[in-house]
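Just follow the structure's listing: the first ligand is 1, and inside any ligand the first atom is 1.
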Amino acid sequence: MQENNGLSKSVRYLKGVGPKRSGDLAELGIKTVEDMIYYLPARYEDRAKIVNIRDLKIGEAQAIEGQIISVASRRTKSGLAMFQAGITDKTGLIYAVWFNQPYLKDYLIKSKAVALYGKVDRYDRVQIMNPEYEILKEGDPESVHMKRIVPVYPATGSLSVKYLRGLAFQAVMQYTRLLAEHIPTYIIAREHLVDVKFAFRNIHFPASFENLEKAYRRIVFEEFFLLQLALAMRKSAVKEDSGLRHRAGGELIEELKRALPFNLTEGQKRAISDIERDMSSGRPMNRLLEGDVGSGKTVVAAHSLVLTVQNGFQGCLMSPTEVLARQHFIGLSELLMPLGINIALLTGGMDPDTKNRIHSDIREGRVNIIVGTHAIIQEAVEFKRLGIAIVDEQHKFGVDQRVILRKKGDNPHMLVMTATPIPRTLALTVYGDLDISVIKEMPKGRLPIVTYWVEEDKRGRAYDFIREEVEKGRQAYVICPRIDESPAPDAGEGLYGIKTQNVTETFERLKEKVFAGHEVGLLHGKMSSKDKERIMKSFKKGKIKILVSTVVIEVGIDVPNATVMLVENADLFGLSQLHQLRGRIGRGEHKSYCILLADPRGEEASEKLKAIEGTLDGFQIAEADLEIRGPGEFFGTRQHGLPEIRFGNILKDFGIMELARREAFDLVARDPEFKEAHHRPLKAALEARFRDIYAPAVVNRNEARL
Ligand code: ADP
Ligand code: MG
């Protein structure tokens, strides 16, 4: 207890921190001494090696040591205050030059010994520019800023790096000895880790780059280890026999197999058998089904739904949009109604009477399968016996919504599906407590989609191409980034003088002029659900030839006869989003084309467009997206379950993640309650670390899952 008090002391206990500075520090999240210790450097400068003045290299930052033999203050032609000091060691003379720091003349006095670090340049003579300095005292025990590998701290706001470094030095020297070790010694030994005190000393003030590396590895290991422990606990909390034990196979399943108009791919078969195993195991299934757009996840979902119906339960499938829910409803009805299965659609836009009727059908068990939107998780919806809940395009939902859905039954099986291929790195982090099935291959006979990135001057040719396809009997999408009503900040002439296309204007123009004589339709999120439904139906039937739309069609829509997609202002879309959009075509027997219309603006935009042009592999695209945008952006918000990772980099440090995961799952398997003495400190650390996201997992495990 005593010791913890030490670490949780206010930073004001450190020398040089008054009320003003402590306010500035608080803005960096540094309130206690411990916060200071956890505020890690962004990079390091190697000032350990003192270079002889004679041997300095022009253009590089280097460290020197010497005596001041001359000083001069003057003003430059442009009026800047300049302070200059001549410095010599035994090997040569160099001038150090500082701008705008006239007060230096009071510190850097002739004959003092100094250490300097800065970039060496040659103007009319060799100079070291705006160097960091430290005055050397006789018998100085330890230099903070010089003669070592020095830390450089990130985003220091109004505080100088030097000031922060001074504080970090005090905190590290006086307080790291109080840090408690959480990791059991057997793991420290087995994974060749260094202990916690060594780690934090060396992450700030490394004695060598080798020590720095060890320190970093240890700190990241601990972070990942705690995360994986939390995941392992959530997973192990699901008790044997707390789930519905379904019997695999059965008459309905056989009939379903016979009714399918195609042979399942290997990936689909594997996913189905994973699911059958889960659903018959006696534990509630908790599985993520990952498969690129068009890989055929729906039929896997259908299979799971039929399995639960076969066993006398109800199933539901929740989709993020009405358009998609309706499509699933139609598709599943065609497939399953002939088997005598009752299916209902439930969406927010329905009139109250219809809704009430469906609610009572669900409650009294008159329907077997419910397909719908968020309307499914409304309070009024009660299932008679929910056996499985499926979430389609799960990344569109928040964690809360999935939790509510689960509670609609008594530990129902859960299947979440996503078309955003999640790189393995992230899967282990975000979905580390789920089982995962991946459908890698596309159904046979799919022709690869051809993607072209073209600039504005080819617009006419792109239109001609669409016309040709339509005249061959095919259909096309034209995707715009905006609806017109709420003008974007850059409405009209865009950021770079290029117009962002809004969907209604584009629609008018295409309908009246460009494709006059062909049926053109308009679809966007602000239309009423009735209108959306009418338009989608008409496009699906082939009446509408060209559908002008926003990204509402991004997920799930299946119209195999659509073979062209033109994306306006393609550079404004995210990489994964473009991939999702493109997945709307290439679903039938005809060759499909995706035309990305964008004038290149900036490096990142071109990289993005080239990436999407270059590959059809969703996993590759996801990896690229992850690299370009980082994990936070990739997932949107914390809502989607990505825990905060402060120290490690889940891409770069994937190796450490795997080790940490193995150790964590191992530990929880052997000692799930953290009863062994050397595991106890971990429990406290976990509770402190994951208070917000994971605490429910510890307290009430079942509810917090997913
Ligand atoms: P997604 O994984 O994107 O949800 P869907 O389930 O919508 O994909 O399937 C895309 C299309 O592929 C649908 O038209 C579906 O009927 C078809 N399909 C699914 N599985 C197969 C298969 N094994 N062979 C041929 N076509 C298939
Ligand atoms: Mg789908």
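Between K537 and E533 there is a salt bridge, since a side-chain N of the basic residue sits under 4.0 Å from a carboxylate O of the acidic one. Looking at E266 and K269, a side-chain N of the basic residue comes within less than 4.0 Å of a carboxylate O on the acidic one, giving a salt bridge. Ion pairing between E322 and R326 holds under the 4.0 Å rule for side-chain N and carboxylate O.
The aromatic rings of Y452 and Y593 sit parallel, their planes meeting at an angle under 30°, below the 60° perpendicular limit.
Counting only residues at least two apart or on different chains, the side-chain hydrogen bond (donor to acceptor under 3.5 Å, both in side chains) pairs with a member in residues 332-351 are D351-T354.
Counting heavy atoms under 4.0 Å from ligand 1, residue L264 touches it through the backbone alone. Residue K444 does not touch ligand 1, judged by heavy-atom distances below 4.0 Å. At a heavy-atom distance under 4.0 Å, no atom of M417 approaches ligand 1. Only the backbone of N263 comes within contact range of ligand 1, with a heavy atom under 4.0 Å; no side-chain atom does.
The shortest N/O to N/O separation between G294 and ligand 1 falls below 3.5 Å.
Within the 4.0 Å heavy-atom cutoff, D292 counts among the residues contacting ligand 1.
Near T265, meaning under 4.0 Å from one of its heavy atoms, ligand 1 places the atoms 23 (N). Close approach of ligand 1 to S295 is summarised as follows: ligand atoms under 4.0 Å from at least one heavy atom of the residue are 2 (O), 8 (O).
Under the side chain to side chain donor-acceptor pair (under 3.5 Å) criterion, E251 pairs with no residue at all, not counting sequence neighbours.
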Step by step, work out the ring-ring contact (aromatic ring centres under 6.0 Å, His included) result for Y463 and F515.
CA-CA 8 Å; Y463 287 152; F515 300 122; 5.6 Å; yes
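Around atom 6 (O) of ligand 1, the closest heavy atom drawn from L260, V299, T298 belongs to T298.
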